[in-house]
Amino acid sequence: MTTRVIVVDDQAMVRAGFAALLAAQSDIDVVGEAPDGAQGVELSRRTHPDVVLMDVRMPEMDGLEAARRLLAPPPGVTHRPRVLMLTTFDVDDYVYEALRAGASGFLLKDAPPADLIAAVRVVASGDALLAPSVTRRLIADFARQRPAARGRPALRLKALTERETEVLTLVARGRSNAEIAEDLVLAEQTVKTHVSRVLTKLGLRDRAQAVVFAYESGLVAPGE
């Protein structure tokens, strides 16, 4: 199955380079490019990509606002792509807010080409968050600056079983399904089932939102 992608970046050479790299893959089809968030949203509405590569800092409309519009579309718009944020900064408030809005992860612009290709495939499959150490540090840094919301998020944790809470904790610490299976002595398929149930019970879209939720609810403390 081919993954449809659009690239949204205000730097023409960066945009063209990413598009050419991805288009060279047999399982990825680049269906468009846009120079700012507003045009990116319009292009996404028109072409219905599976993944949007979205730069964080752009004129006219930045990547955060564009991600919000794509991931919380107005009534009548049913298409919601997965959004992969691109940034030149390894700690960026915009990226944190984009994850809260529902973006599936982020990638540094200077990452190796193979990492970009892999990131698109991972996000397309729904198995986000991308979990290099910089991602965990970004979330931890901003969670530290924002005291955990002990109200509604913490109350929502009560919907989880003890095992589901364990799984969510390990997801928030950046563990893959295989690593969680090893830690808890479970089959990997069982872990996938637990993760799916956690997302459903908490009303979360993917692992990215699960990580943010775990920090904001106080389940996981920064620096753990």
Side-chain angles (χ1 to χ4, degrees), residues 2-73 77 79-125 127-139 141-142 205-206 208-209 212:
T2 301
T3 298
R4 294 167 56 83
V5 177
I6 65 171
V7 181
V8 184
D9 195 298
D10 62 319
Q11 295 179 286
M13 290 183 66
V14 171
R15 196 168 66 241
F18 285 164
L21 175 65
L22 294 171
Q25 311 307 307
S26 60
D27 60 335
I28 298 176
D29 183 15
V30 177
V31 297
E33 304 172 32
D36 61 61
Q39 293 186 55
V41 171
E42 191 279 330
L43 178 63
S44 178
R45 299 265 197 266
R46 194 158 30 88
T47 60
H48 291 187
D50 301 301
V51 176
V52 176
L53 278 182
M54 181 78 73
D55 187 22
V56 171
R57 299 172 184 269
M58 294 180 289
E60 303 299 327
M61 180 189 292
D62 64 29
L64 173 58
E65 179 59 28
R68 285 175 174 154
R69 295 192 185 192
L70 290 175
L71 297 167
V77 178
H79 177 255
R80 289 203 312 168
R82 295 193 176 274
V83 177
L84 176 61
M85 306 301 296
L86 296 167
T87 179
T88 54
F89 303 95
D90 64 356
V91 176
D92 191 315
D93 194 21
Y94 280 87
V95 178
Y96 177 84
E97 295 299 337
L99 292 175
R100 293 189 68 226
S104 293
F106 86 99
L107 192 69
L108 295 179
K109 282 188 176 182
D110 60 359
D115 285 2
L116 173 64
I117 296 166
V120 169
R121 289 172 177 153
V122 167
V123 168
S125 74
D127 191 20
L129 176 70
L130 303 177
S133 60
V134 64
T135 302
R136 293 194 295 273
R137 187 172 78 249
L138 177 144
I139 294 174
D141 282 349
F142 284 101
R205 189 178 185 201
D206 56 26
Q209 286 194 318
V212 173

Could you report the tightest heavy-atom contact between [X] and [Y], atom names first, then the distance?
X: Thr2; Y: Ser26; result: OG1-O, 4.4 Å
X: Val83; Y: Ala67; result: CG1-CB, 4.3 Å
X: Ala66; Y: Met54; result: CB-CE, 3.5 Å
X: Asp36; Y: Met58; result: CA-SD, 3.8 Å
X: Leu21; Y: Pro113; result: CD2-CB, 3.7 Å
X: Gln209; Y: Gly102; result: NE2-CA, 3.3 Å

Which residue in the set Leu84, Asp50, Leu22 passes side chain to side chain contact (heavy atoms under 4.5 Å, CB included) when paired with Val5?
Leu22
With a 4.5 Å heavy-atom cut-off, do [X] and [Y] have their side chains touching?
X: Phe106; Y: Val56; value: no
X: Leu116; Y: Leu53; value: yes
X: Pro49; Y: His79; value: yes
X: Glu42; Y: Arg45; value: no
X: Ser44; Y: Arg69; value: no
X: Thr3; Y: Asp27; value: no
X: Val120; Y: Gln25; value: no
X: Asp10; Y: Arg15; value: no

Give every residue pair that meets the side chain to side chain donor-acceptor pair (under 3.5 Å) criterion with at least one member in residues 108-118, sequence neighbours excluded.
Asp9-Lys109, Gln11-Lys109, Asp55-Lys109
Any chance you could measure [X], atom [atom1], to [Y], atom [atom2], to the nearest 0.5 Å?
X: Leu64; Y: Arg57; atom1: CG; atom2: CZ; answer: 10.5 Å
X: Leu107; Y: Met85; atom1: CG; atom2: CE; answer: 11.5 Å
X: Glu65; Y: Glu60; atom1: CD; atom2: CD; answer: 13.0 Å

